[in-house]
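Start at 1 with the first residue, then count along the sequence. Computed from a predicted structure; not experimentally measured. As a basis for the values below, the full set of heavy atoms in this structure was taken, side chains included, without hydrogen atoms, waters or symmetry mates.
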Amino acid sequence: WGWDTFDERFNRDGRLDALQSLQRQLLRNGFAHLKPGGELVYSTCSAAPSQNEAVVQWLLDTEPAAQLLPLPPCAPGAAAMPCKHGLGGMPHVVRFDPATSGSSGMFVARVRKRSDADISRASPTSRRQEDV
């Protein structure tokens with residue numbers, strides 16, 4: 001069926017809407033407790049873009065100090081789970097595909113809380129995502 005239709009197929013009875021709301025609250029609370037310069041990792045065991053990229057994008061859109069940072073490359077070798085960077089048009093995020101990783105799926109994003117000085121020095125386009 002593909003990832004493009006996953007949310008609508010999985011969102012029976014508004015299940016994803018409730019989870020997305022909860023995840024937004026959790027992410028905002030964690031971000032609020034960061035000191036300027038502090039970082040957090042947002043990770044889910046979901047393959048649903050509404051719980052992953054959409055939640056991270058929501059934080060970037062609502063918190064001027066939020067900055068999405070690059071993650072290290074996926075580790076090669078037999079012990080590492082295969083992953084894909086930059087899915088859904090969002091750079092710097094990583095998703096582990098259930099079919100290739102042998103897991104239920106996983107999503108990872110790294111967010112930094114910028115200081116007021118960092119925000120004022122940044123251009124509008126670089127405020128949300130660090131240039132690679």
If I take atom [atom1] from residue [X] and atom [atom2] from residue [Y], how far apart are they, to the nearest 0.5 angstrom?
| X | Y | atom1 | atom2 | value |
| --- | --- | --- | --- | --- |
| S21 | W58 | OG | CH2 | 8.5 Å |
| L68 | R112 | CG | CZ | 12.5 Å |
| M90 | E53 | CE | CD | 6.5 Å |
| T44 | L27 | OG1 | CG | 11.0 Å |
| S46 | R95 | OG | CZ | 8.0 Å |
| Q23 | Y42 | CD | OH | 3.5 Å |

(request) Without swapping roles, check the side chain of R110 against the backbone of P70 for a donor-acceptor pair under 3.5 Å. (result)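 Yes; judged by distance alone, with no hydrogens or angles, the pair exists.
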(request) Could you tell me whether the side chain of N29 and the main chain of Q25 form a donor-acceptor pair under 3.5 Å? (result)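 No.
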(message) Going by side chain to side chain contact (heavy atoms under 4.5 Å, CB included), name the residues that satisfy it together with L34, two or more places apart in sequence or in a different chain.
(response)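 F31, L40, K113.
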(message) Contact between N52 and V93 at the side-chain level, heavy atoms closer than 4.5 Å - yes or no?
(response)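 SC-SC contact between N52 and V93 ruled out.
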(request) Might you point out which heavy atoms bring L71 and V108 nearest each other, and give the distance in Å? (result)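 Looking at all heavy atoms of both residues, the shortest contact is CD1-O, 3.4 Å.
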(message) Test of understanding: clusters of I, L, V, M, F, W, Y form through side-chain heavy atoms closer than 4.5 Å, transitively. Do L19 and L26 belong to the same one?
(response)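 No; L26 is not reachable from L19 via cluster members.
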(request) Following the transitive rule for hydrophobic clusters with a side-chain heavy-atom cut-off under 4.5 Å over Ile, Leu, Val, Met, Phe, Trp and Tyr, establish whether L22 and V55 coincide in one cluster. (result)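 Different clusters.
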(message) Taking salt bridge (charged side-chain N to carboxylate O under 4.0 Å, His left out) as the cut-off, I'd like each qualifying pair that reaches into residues 22-35, sequence neighbours left out, listed once.
(response)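 Qualifying pairs, neighbours excluded: R28-E63.
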(message) Could you work out, with side chain to side chain donor-acceptor pair (under 3.5 Å) as the rule, every residue matching S115, not counting sequence neighbours?
(response)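 Here the qualifying residues are D118.
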